[in-house]
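Take a look at the structure set out below.
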There are 2 protein chains.
Amino acid sequence: MTPMTPTFHDRAEDLVQRTGARVTRQRVEVLAVLLAARRALSHHEIEGRVNRGAGMDRVTVYRVLEWLTSHHLAHKIAGDDRVWRFNAAGDEPERTHAHAHFKCNDCGEVICLDEATAARSVPLPSGFHPQEVELTVKGLCAGCAPAAAAQRRSRAHAQHRH
Amino acid sequence: MTPMTPTFHDRAEDLVQRTGARVTRQRVEVLAVLLAARRALSHHEIEGRVNRGAGMDRVTVYRVLEWLTSHHLAHKIAGDDRVWRFNAAGDEPERTHAHAHFKCNDCGEVICLDEATAARSVPLPSGFHPQEVELTVKGLCAGCAPAAAAQRRSRAHAQHRH
DNA sequence: GTTTTCGCGCAACTCTGTTGCATTAGAACT
DNA sequence: AGTTCTAATGCAACAGAGTTGCGCGAAAAC
Ligand SMILES: [Mn+2]
Ligand SMILES: [Mn+2]
Ligand SMILES: [Zn+2]
Ligand SMILES: [Zn+2]
C-alpha cells in the first residue's frame, strides 16, 4: 500500500516534526525519497519518484527542497549541467557540509564522498577571506567505467580494420 | 579608435590564427576581452564589453565561447548561480585546467588560483575512475571582506544600544 | 574574380527555476 | 468535534541562461 519503505517515511516524518514547523505530506514524502536514495537526486528524479504516490506540483517540490535545505535536512550540489542535486543531510554538525563529491562524466551521477575531508590551506591573494572549500572529483562511476573501456576497445578495432 | 588595447587584440588574433580555423572579428574580439580581464567573466559581461565595439549577437557570443573552450583557448567554470564564467586559458599543458578557483560569496566574482595545484589522492569507492579534480574556495574577496566586517560591526552596535 | 564552405544573425525554442495569488489544510484553541 | 488562524500548496504566468534551425554573408581556397 505505502509506496515507500515505512522506515524512511517514519524517519522523515520524525525529522520534519523536530523542526517545529508543519509536517505536511509533501515535506515528508520528499525527504523520504532523499533518505532512500544512495546518491544525489535532481529535481526531475525527485518529482518522478514522489509522483508514483499521490501527486505533487513541481513548484511544491522546488519549495520543499528549498525548505529542507534551509533547515539542514538536505543539502544541494551545483552540477555543471545547471541542475541542482539534493541529498538528505548526514549527521554532520549543522551547516558545515564539509565533504567532497564525485560526479560521473558519463551518466552525470553525483555521490557524496563522506570520508574525504577537503584539503584546506589553499594560498589566497592578500585580503581574501576563505569560508568554505568545495572539492569535486570528476571521472567515471563504477557503472560507466567498464562501458567506456569497452567502447574505446571497439573503436580501436574499427580503426584497425579500416 | 580601436576600443581594446592593441596588445590583447593582436595576441588574440594570433592565437585564433594558430588553430588553423577561420579568424573572424567575433572570435578575436571575444578572446581579446578574455585576455584583458583579470577574472572570469560571465556571458553577460563579455557581451557587454564586446558590444562597446561593433556589435555582436548574443548567440554568436555563446558559440564563440564554446569554440574557444573546445580549442583550449579558454576554459569555463560552473558557478552556483547557474552561470558559466570564462577566462582565457593560461599556458598550461593542453586540456588539464588543473588549478583551483576562488568565488566571492558576496559579489560573485570568480578568479583562478593558479598556484594551488588541487589536492589529489581522494579515496574513491572501488570501480570508480577519477579524471579531474575541481577545487573551489568560497569566501569574501578583498573588496567585499572589509564591507562585510563593517556591517557586522554596526549590527553589533545596534544590538548593544537596544 | 569566382566558388566554396564555415560562421553569423535572427527568431523561435527548451530547460530550470521563480513569483503572485487564490485555495487548502496543519495545528492550536476552545 | 468544531472553529479559527496562518503557513503551505496548486496553478498559471513569468524569468534567465543557453540551444537549435536556417538563410545569408564573408573568410579563405582556387
Ligand atoms: Mn554532499
Ligand atoms: Mn580557471
Ligand atoms: Zn556513470
Ligand atoms: Zn566580492
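Letters go in sequence order (proteins before strands), and every chain restarts at 1.
In this structure, B/Arg27 places its CZ atom 13 Å from C1' of D/dA28, rounding to the nearest Å. The CD atom of A/Glu29 sits 17 Å away from the P atom of D/dA8 (whole-angstrom rounding). The separation between A/Arg58 atom CZ and C/dT16 atom P is 10 Å, rounded to whole Å. When rounded to the nearest whole Å, the span between CZ of A/Arg22 and C1' of D/dT4 equals 11 Å. Per the geometry, CG belonging to B/Leu65 stands 14 Å off P belonging to D/dA17, to the nearest Å. Atom C1' of nucleotide C/dA27 and atom CD of A/Gln17 are separated by 11 Å, given to the nearest angstrom. In this structure, CZ of B/Arg82 is placed 17 Å from P of C/dT14, rounded to the nearest angstrom. Atom pair B/Tyr62:OH and C/dA11:P shows a separation of 17 Å (rounding to whole Å applied).
When distances are taken from the side chain of B/Val23 to each of D/dA28, C/dC8, C/dT18, the shortest belongs to D/dA28. The A/Asp57 side chain lies nearest to D/dG10 when the options are C/dG7, D/dG10, C/dG9. Side-chain proximity of B/Met56 to the nucleotides D/dA17, C/dC8, C/dG9 is greatest for C/dG9. Comparing D/dA17, C/dG17, D/dA8 against the side chain of A/His43 picks out C/dG17 as the nearest.
A/His44 has a side-chain polar atom (N or O) that falls below the 4.0 Å cut-off from OP1 or OP2 of C/dT16. Between A/Gln26 and D/dG10, a side-chain N or O to OP1/OP2 separation shorter than 4.0 Å is present. Between B/Thr24 and C/dC6, a side-chain N or O to OP1/OP2 separation shorter than 4.0 Å is absent.
Aromatic pair B/Tyr62/B/His43: centroids less than 6.0 angstrom apart.
Here the side chains of B/Arg39 and B/Asn87 are not in contact, with every heavy-atom distance at 4.5 Å or above.
Tracing side-chain contacts under 4.5 Å through hydrophobic residues (I, L, V, M, F, W, Y), one reaches B/Phe8 starting from B/Met56; they form part of the same cluster.
Within 6.0 Å of CZ in B/Arg18 there are 12 or fewer heavy atoms belonging to other residues, nucleotides or ligands.
Among the heavy atoms of the strands lying under 4.0 Å from A/Val83 are primed sugar atoms or P, OP1, OP2 only; no base atom is included.
We find that A/Glu134 and B/Lys138 are joined by a salt bridge, their nearest charged nitrogen and carboxylate oxygen being less than 4.0 Å apart.
With DNA chain D read from its 5' end, the first of the two nearest nucleotides for A/Trp67 and A/Val59 is the one closest to A/Trp67. Mapping B/Arg63 and A/Arg25 onto DNA chain D by nearest heavy atom places A/Arg25 closer to the 5' end of the strand.
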